[in-house]
Amino acid sequence: MKKVFSRPKSIKKNPFHYCPGCGHSIIHRVIGEVIDELGIQEITIGVPPAGCAVLAYFYFDVDMGEASHGRAAAVATGLKRALPDRIVFTYQGDGDIAAIGTAETIHAASRGENFTTIFVNNGVYGMTGGQMAPTTILGQNTTTSPGGRKERRDGFPIPLSEMLAVAKGSAYIERTAVNSPSNILKTKRAIEKAFRAQMRGLGFSLVEILSPCPTNWKMSPVEACHWIDEVMVKHFPLGVIKDITGEKKDVN
Amino acid sequence: MKKVFSRPKSIKKNPFHYCPGCGHSIIHRVIGEVIDELGIQEITIGVPPAGCAVLAYFYFDVDMGEASHGRAAAVATGLKRALPDRIVFTYQGDGDIAAIGTAETIHAASRGENFTTIFVNNGVYGMTGGQMAPTTILGQNTTTSPGGRKERRDGFPIPLSEMLAVAKGSAYIERTAVNSPSNILKTKRAIEKAFRAQMRGLGFSLVEILSPCPTNWKMSPVEACHWIDEVMVKHFPLGVIKDITGEKKDVN
Amino acid sequence: MLIKTVFSGFGGQGIILMGYLLATGGMYEGKNVTCLPSYGAEVRGGTANCTVVISKEEIASPVASEPDYAVVMNTPAMVRFQNQVQTGGIIFINSSLIEIRPIRGDLEIIEVPLNELSKQLGGNKATNMIMLGTFIRKTGLVSLETMINVIKDTFGNRPGIFKLNKTALSIGYNYLE
Amino acid sequence: MLIKTVFSGFGGQGIILMGYLLATGGMYEGKNVTCLPSYGAEVRGGTANCTVVISKEEIASPVASEPDYAVVMNTPAMVRFQNQVQTGGIIFINSSLIEIRPIRGDLEIIEVPLNELSKQLGGNKATNMIMLGTFIRKTGLVSLETMINVIKDTFGNRPGIFKLNKTALSIGYNYLE
Amino acid sequence: MTLAQGMIEIDQELCKDCKLCVSVCPKKLIETSDRLNQKGYYPAFYIEKNLKKENRKCTGCGLCAIVCPEIAIEVYRA
Amino acid sequence: MTLAQGMIEIDQELCKDCKLCVSVCPKKLIETSDRLNQKGYYPAFYIEKNLKKENRKCTGCGLCAIVCPEIAIEVYRA
Amino acid sequence: MRGNHVIAEAAIRAGCRFYFGYPITPQNEIPEYMSERLSKIEGGVFIQAESEIASIHMVIGASMAGGRVMTSSSGPGISLKQEGISFLSALELPAVIVNMSRGGPGLGNIAPSQSDYFQATRGGGHGDYRTIVLAPNSCQEAGDLTYKSFDLADKYRIPVLILGDGMLGQMMEPVELPPEIPVKRLPPKEWTITGAKGRPSRFIRSLILDPFEEEEHNWKLMRKYEKISKEELLWETFSIEDAKMIVVAFGTAARIAKGAIKRVREEGLKVGLFRPISLWPFPTKILKEISRKVKHLFVFEMNMGQMVEDVKLAVDGGAEIHFYGRPGGIIPTPLEISRIISSYYYQKKLG
Amino acid sequence: MRGNHVIAEAAIRAGCRFYFGYPITPQNEIPEYMSERLSKIEGGVFIQAESEIASIHMVIGASMAGGRVMTSSSGPGISLKQEGISFLSALELPAVIVNMSRGGPGLGNIAPSQSDYFQATRGGGHGDYRTIVLAPNSCQEAGDLTYKSFDLADKYRIPVLILGDGMLGQMMEPVELPPEIPVKRLPPKEWTITGAKGRPSRFIRSLILDPFEEEEHNWKLMRKYEKISKEELLWETFSIEDAKMIVVAFGTAARIAKGAIKRVREEGLKVGLFRPISLWPFPTKILKEISRKVKHLFVFEMNMGQMVEDVKLAVDGGAEIHFYGRPGGIIPTPLEISRIISSYYYQKKLG
Ligand SMILES: Cc1ncc(C[n+]2csc(CCOP(=O)(O)OP(=O)(O)O)c2C)c(N)n1
Ligand SMILES: Cc1ncc(C[n+]2csc(CCOP(=O)(O)OP(=O)(O)O)c2C)c(N)n1
Ligand code: SF4
Ligand code: SF4
Ligand code: SF4
Ligand code: SF4
Ligand code: SF4
Ligand code: SF4
Ligand SMILES: [Mg+2]
Ligand SMILES: [Mg+2]
């Protein structure tokens with residue numbers, strides 16, 4: 001029999017430090033698969049965040065440069081402008097990208113910086129222990145939204161991807177999830193599209209991925225996957241949010 | 001004969017320091033008129049920016065607290081949360097609100113903070129001498145976009161108000177201009193609506209005002225007013241961008 | 001008298017709670033106590049530690065580089081702490097889970113088969129309380145009475161949990177008879 | 001020899017340029033020079049100043065609290081600098097615009113009716129150059145020849161402007177005959 | 001129907017010669033003075049008085065005041 | 001038509017007992033072991049071998065591997 | 001209670017009704033506790049801001065309005081607040097800022113460290129300013145100093161920093177908390193902006209374009225700082241009467257040092273402890289006096305040597321100063337420190 | 001050329017191809033010049049970032065990629081960069097950062113000031129780190145030091161700060177600029193991240209969770225700092241041979257002091273100047289030696305007293321130190337300073 005599924009070349013052998021059932025490692029793998037398939041391992045540079053994925057450089061077998069919390073888009077801008085023929089991606093949690101990193105992300109998109117952002121939306125601050133995130137949905141319990149997130153006290157969750165779609169420099173934006181095999185495959189295709197947009201020089205591309213955090217949601221991994229389907233997607237509907245890659249000519 | 005037009009009560013007698021034909025002082029006056037008409041001079045608190053209007057407290061005869069560059073929305077959040085029955089407004093330039101203050105503004109809107117923002121869009125950094133602003137339009141010459149703003153080098157201008165409309169906590173957003181008597185009157189009505197939304201407790205309200213900067217545009221004041229009509233409004237169309245004040249009940 | 005105890009195991013095993021309850025017990029008995037849980041990124045890997053110092057005098061450092069007692073609830077904890085315990089110290093081992101044993105001859109080893117003992121409670125419950133029971137019996141750091149008071153004050157408003165924990169504590173306490 | 005000059009007037013009057021040209025002239029003549037324009041928020045109010053120091057030796061401070069010469073192009077400038085000039089210093093006054101005069105008796109006052117003089121140029125043009133011409137004639141800080149060279153190097157690629165400025169310079173220079 | 005009657009007053013010292021009032025007055029009743037003010041500007045001035053006969057009378061419409069950045073204009077209406 | 005034939009291998013030491021593979025295998029071929037691994041988890045294990053007769057054969061569909069967060073599963077197909 | 005919880009509860013008892021913060025380990029228990037408590041108090045406001053920058057400017061807003069207000073963070077987050085702290089100082093606004101510092105620079109780690117001493121005591125932001133800096137070394141003191149810091153902040157219209165470290169924040173110790181102050185009974189503030197009802201309007205600003213005015217403002221601040229330097233010094237000494245060598249250490253390091261001193265005292269070494277509690281103002285004068293008697297000072301910090309500069313400045317060449325530092329989040333044991341102390345002690349032939 | 005233009009041009013000649021900044025007075029001429037120049041150079045990148053924070057992190061990115069990179073700002077903007085500077089230090093990335101400082105704290109004003117000395121020399125960010133700090137006092141030196149700073153940054157993998165002030169940036173003086181270095185001829189860097197082609201992948205990070213590893217990293221940095229402290233000291237002296245009193249001043253203040261010294265020398269007072277050019281490393285040793293001969297040091301700063309601490313630390317009680325400061329953006333005249341000097345001089349009966 002032939003091996004039809006195994007560890008991607010771009011993912012190192014180190015065991016993941018994530019909690020059982022965490023979406024981060026699924027997303028890592030899927031990115032690794034895309035890098036392998038596009039044959040870009042040697043020219044790819046990743047920018048890991050502060051967040052549960054802060055150690056991502058232990059897993060991705062590509063060059064990586066750490067960003068401080070929220071500044072991945074700025075670091076990636078510096079990298080990509082200096083090395084325009086490399087493939088640069090940032091990897092960011094919802095707190096990282098949609099709270100402290102709001103300005104950097106929106107402006108990178110607005111400038112049409114030609115890199116790809118993987119935005120892992122797990123609706124909480126995972127690494128720091130489950131505080132409210134900008135994407136925590138109304139009613140959701142976290143350690144800093146006692147009694148559930150309340151509109152007037154805590155504000156609304158922020159639809160960052162929809163805002164980024166308004167920016168003129170963004171080329172491709174899709175929201176996916178990694179809570180089921182089919183959604184995982186869609187995520188992979190979305191990431192591939194985003195990388196391809198970058199390879200064609202079309203500007204800013206982003207994939208927002210709804211990702212389970214069983215630990216902070218206080219659910220089993222299987223429950224967490226269901227909760228994404230049943231609750232989370234109502235607030236963050238899946239699908240392509242912006243795609244102008246068809247209209248645009250390659251830039252070289 | 002009866003005096004039908006004179007200095008509003010809420011505007012002090014100090015002569016303005018602005019350049020001839022600058023939109024800032026027109027906007028000051030209009031805000032003063034609205035404050036007078038709503039009878040809220042004694043309960044209004046303004047938050048002036050860094051920018052040409054940094055000395056706004058010399059002109060407005062209401063309590064005012066300085067914000068550092070870009071942070072007016074955060075300062076206003078602190079003020080308004082501490083004094084929920086006062087009327088709080090921020091006064092911000094395009095650089096202030098749409099560059100360094102992007103995150104603070106978007107999150108204040110997203111939280112539905114109940115204050116009003118006056119966003120003076122003159123397409124340049126006035127105070128610092130005419131550098132490119134986030135709202136500088138493509139092709140426009142500034143001291144840091146030599147040869148005119150270029151999409152790939154300098155990025156696109158940012159449609160901040162449209163992004164803020166995506167935020168769930170914003171109640172009223174309108175774009176106006178102060179380049180003609182009728183536009184000035186519309187601006188006044190928009191500001192009044194925004195203040196009224198705040199008085200009803202409906203959440204974040206903002207008026208973006210296209211405002212001439214003859215000095216840095218290197219035009220005469222009259223030319224600058226025409227340029228707004230002929231060029232600028234094509235990139236920043238005037239009108240109500242979001243208005244849910246009709247649907248919402250007062251909050252008290 | 002200054003006694004340092006380290007509790008260590010998986011995140012889900014109620015490690016921090018054991019430390020907290022022991023420290024509170026020491027306090028109830030009028031001693032100086034400090035309790036230092038591990039925190040932050042360390043938790044992500046699934047490990048949790050908690051160090052408790054109980055003393056008649058002011059406590060210099062809540063950290064225990066050479067603990068008197070170690071309570072190890074899983075194998076990684078065992079690996080990590082077996083070499084740190086002071087000569088003459090005691091290691092409490094969750095023997096249902098941990099197969100290896102320390103090779104040092106200068107330590108006392110108390111094996112507690114938590115999974116088996118917890119069968120009386122309907123299986124795999126309150127194993128931390130069982131261990132705590134054994135621990136206070138062996139060390140005498142805090143009296144059983146005090147510990148029951150602590151548990152009462154902590155879980156008083158949830159009678160079911162209080163009862164379960166109290167029973168578990170006794171099971172552990174009596175295990176060493 | 002260390003000579004400090006302050007130029008002051010409205011933003012649009014070419015104040016900074018006057019300073020820049022004088023400093024460059026000093027440099028051409030092998031002296032140490034510094035030139036410090038006013039900047040930033042100060043500009044907003046419409047005032048511009050520029051301080052030039054020319055010296056045979058190293059220059060300690062490019063600031064002139066007590067200038068030897070002041071060139072004042074409008075009334076506010078007059079008000080501001082009339083009391084700062086050193087005893088025995090010279091104030092050059094744009095007499096077309098400024099009605100008041102310094103009350104101090106220890107200063108020399110040179111009135112230059114710039115608007116009238118500029119009529120020869122077709123009105124209200126290059127008044128700063130006229131003033132600069134008068135200034136170098138009176139002070140001898142820099143020779144006419146040098147200044148013409150400076151103007152040539154600065155405006156050489158725009159012959160019309162060069163010519164205008166050169167003419168203006170001579171008008172001013174000859175005004176003091 | 002008679003048009004409303006009005007007049008304006010311009011504070012010569014506040015004016016900065018931006019000419020916006022000049023450009024909006026439907027009756028062309030404002031011009032630029034040739035005497036500098038203290039700030040160094042040639043201020044706008046109201047010329048109605050001389051023009052009564054040409055029927056270029058101020059209506060007190062206020063447009064000039066509305067655009068004036070310096071709040072230098074006060075408007076009166078009958 | 002015969003279905004594709006497959007098999008999987010689970011690395012017991014990488015597994016963290018999240019049970020996602022268990023929940024997605026259409027053939028119910030994965031269960032949780034009752035022996036702890038070194039990390040302290042009860043790892044998933046592949047039970048096909050015993051179930052050939054029940055026609056619960058692995059198709060090599062890979063769903064289990066796709067959802068596995070630890071890349072603990074390798075899939076083989078004929 | 002954990003140190004972080006103690007600080008949060010003490011703040012509330014001191015009348016703090018406004019908290020703005022952003023998560024960062026090892027101080028998350030402060031915002032978590034505040035969110036719970038403030039949501040139950042009439043007029044209490046807790047906002048988890050979008051960033052540290054936003055939170056410090058929300059602090060500015062609420063302080064302008066007259067509230068007792070707090071924020072907390074650690075290392076990188078405190079760096080981001082530096083501009084805001086400079087503004088708080090310039091605007092003369094009271095506020096309490098907690099830094100549960102961690103290993104640095106950069107992302108570093110979350111272990112306890114004292115490497116933010118310079119940043120705290122020299123004003124990491126721009127311009128000439130100082131903030132009061134208090135460094136507790138136990139949960140009890142964390143509570144007491146937090147409580148006190150709100151009064152100090154209001155009294156001098158100055159930001160007060162509580163400089164702790166990860167260990168202090170996480171540690172649980174028994175604590176007796178001060179009584180709750182009814183917010184209504186706090187002294188009124190005459191300078192707040194609350195709307196100009198019944199008085200002329202006023203403004204709060206830090207832009208002072210004229211250098212002479214700005215200089216005057218700077219000297220005014222300076223006079224305030226000098227007053228504080230005289231009146232608000234806090235320190236602790238421990239067995240210094242007969243000491244031939246004195247250990248100078250603050251916060252957690254001082255605790256460890258005390259343990260070490262007890263050990264070496266048992267061996268007969270005459271060693272004492274000087275613990276600055278107010279790091280700014282630094283207890284310069286008293287330390288100078290001490291150094292005139294005891295000629296050997298041993299400075300121990302959990303960093304590469306920062307407070308040692310203040311010790312040198314205080315002593316002004318009048319005593320020999322030894323330094324021992326462990327940066328990076330290492331927590332040395334009392335045993336280790338006692339060994340270093342004795343080795344110096346014997347080397348210098350003090351016993 | 002204006003000081004700001006000189007700095008910008010010197011940077012380009014030193015091979016700087018990446019500039020990221022944000023406008024703030026009084027340094028706007030740097031980004032303006034860079035935008036013009038870099039847009040005409042193949043591979044040149046100028047971005048006016050959305051904020052100072054974004055710009056310092058763009059610097060980090062381009063530095064990781066191996067480029068020579070610069071940013072510039074003033075006061076409040078430099079405060080905002082503190083987190084990034086701490087990261088640059090931890091990540092050991094070369095970069096050049098210009099601070100044309102202004103009056104503070106808060107918004108302050110745009111007049112020249114030296115009140116960011118502490119922030120610059122003590123690392124205003126979190127954690128134990130230092131950056132090289134160079135303080136030019138003329139346009140010529142601004143150019144020379146900027147040029148040099150790129151080499152220093154690369155040599156030590158460290159951020160280098162150019163600390164100027166508004167006056168230096170605005171002032172025009174004749175300047176001779178160094179020759180342009182062809183970027184291709186710069187030495188290659190072995191640690192950059194450029195894609196793993198032909199080598200194992202690598203990463204650059206500052207998170208070091210294990211305190212022992214982090215401590216090792218800290219000591220590694222410390223060894224580097226010690227090396228720099230020995231090898232990269234810069235200072236200037238002026239008529240100190242026969243001096244009975246020495247003025248210590250840096251940057252613009254030193255220029256003014258020199259003028260003052262020339263005046264008092266004319267009156268026969270024996271006064272000299274010591275001007276630290278590298279503020280960190282501070283020329284401690286040489287100043288100490290000088291202070292063993294000259295017993296009166298007069299420190300003059302355009303702030304409320306910051307460098308004076310380094311002078312005291314250097315002198316270690318070995319000489320009398322007087323301080324005179326003018327904060328807030330005031331530029332004292334040589335005359336004023338000469339009067340203060342003589343009054344001290346006579347008071348101390350030196351002549
Ligand atoms: C300046 C700064 N502020 C705060 C932190 C602490 N911090 C680290 S990760 C993180 C957020 C984690 O949440 P998210 O980005 O959603 O990632 P997740 O862990 O959920 O994947 C925070 C607040 C930091 N490292 N730096
Ligand atoms: C932190 C910080 N960065 C930069 C500045 C300098 N600065 C003052 S105002 C301003 C922008 C002015 O532009 P805008 O907001 O559009 O206002 P305008 O002057 O055009 O009305 C800048 C960059 C500052 N004061 N603080
Ligand atoms: S806390 Fe949540 S996001 Fe972080 S590793 Fe655990 S499951 Fe994943
Ligand atoms: S620079 Fe522009 S915005 Fe600023 S005062 Fe002048 S005209 Fe107004
Ligand atoms: S009020 Fe109307 S008519 Fe009268 S001067 Fe003004 S614009 Fe002209
Ligand atoms: S609009 Fe006002 S400022 Fe402008 S010219 Fe008319 S009166 Fe003067
Ligand atoms: S490959 Fe498919 S059938 Fe086989 S074990 Fe996995 S999920 Fe089940
Ligand atoms: S999905 Fe992977 S980690 Fe989860 S239980 Fe199955 S094999 Fe184990
Ligand atoms: Mg998250
Ligand atoms: Mg603007």
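All heavy atoms count here, side chains included; hydrogens, waters and symmetry mates do not. Residue numbers start from 1 in every chain, and the chains themselves are labelled A, B, ... in the order their sequence lines are given, proteins ahead of strands.
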Practice task
Quick one: pull up CG in F:Leu20 and CD1 in A:Ile184 and give me the separation to the nearest 0.5 Å.
Solution key: 8.0 Å
Exercise for the section: Give a yes or no on this: more than 12 heavy atoms of other residues, nucleotides or ligands lie within 6.0 Å of atom CZ of A:Arg196. Expected result: no
Completion exercise
In this structure, SG of F:Cys61 is separated from CZ of A:Phe5 (nearest 0.5 Å) by 11.0 Å
Handout entry: Residue-level interface, residues 90-101 of chain A with chain F, non-hydrogen cut-off under 4.5 Å
Key = none
Exercise for the section: Let me know if A:Pro214 has heavy atoms under 4.5 Å from chain F in its side chain, its backbone, both or neither. Expected result: neither
Handout entry: Heavy-atom pair of closest approach, residues F:Val67 and A:Ser180
Key = CG1-C, 4.3 Å
Exercise for the section: Check whether any side-chain heavy atom of A:Lys2 lies under 4.5 Å from a side-chain heavy atom of F:Tyr76, and answer yes or no. Expected result: no
Problem - Which atom of F:Cys18 lies closest to which atom of A:Pro20, heavy atoms considered - result: CB-C, 4.0 Å
Problem - Derivation of the side-chain contact (heavy atoms from CB on, under 4.5 Å) call for F:Arg77 and A:Met1 - result: CA-CA 5 Å; F:Arg77 216 180 295 151; A:Met1 282 201 270; 5.6 Å; no
Exercise for the section: Identify which part of A:Ile11 has an atom lying under 4.5 Å from any heavy atom of chain F, answering side chain, backbone, both or neither. Expected result: side chain
Exercise for the section: Flag yes if more than 12 heavy atoms outside A:Lys186 fall under 6.0 Å of its NZ atom; otherwise flag no. Expected result: no
Fill in the blank from the handout: Taking every heavy atom of F:Gly60 against every heavy atom of A:Val4, the minimum-distance pair comes out as O-CG2, 4.5 Å
Handout entry: Non-hydrogen side-chain atoms of A:Phe16 and F:Pro69 separated by less than 4.5 Å
Key = no
Exercise for the section: Mind checking the CD1-NZ spacing from F:Ile8 to A:Lys3? Nearest 0.5 Å is all I need. Expected result: 13.5 Å
Practice task
Kindly write out the residues that satisfy ring pair (Phe, Tyr, Trp, His ring centres under 6.0 Å) with A:Tyr57, not counting sequence neighbours, or none if the list is empty.
Solution key: H:Phe203
Problem - Spacing of A:Cys19 atom SG and F:Lys16 atom NZ [to the nearest 0.5 Å] - result: 7.5 Å
Exercise for the section: Let me know if F:Ile73 has heavy atoms under 4.5 Å from chain A in its side chain, its backbone, both or neither. Expected result: backbone
Problem - Heavy-atom closest contact (F:Ile71 atom, A:Arg29 atom, distance) - result: CD1-CG, 3.6 Å
Problem - Heavy-atom proximity to chain F below 4.5 Å, by part of A:Cys22 - result: backbone
Exercise for the section: Output the option from A:Gly21, A:Pro181, A:Ser6, A:Ala224 having the highest count of non-hydrogen pairs under 4.5 Å with chain F. Expected result: A:Pro181
Fill in the blank from the handout: F:Glu70 and A:Tyr18 have their tightest heavy-atom pair at OE2-O, 4.5 Å
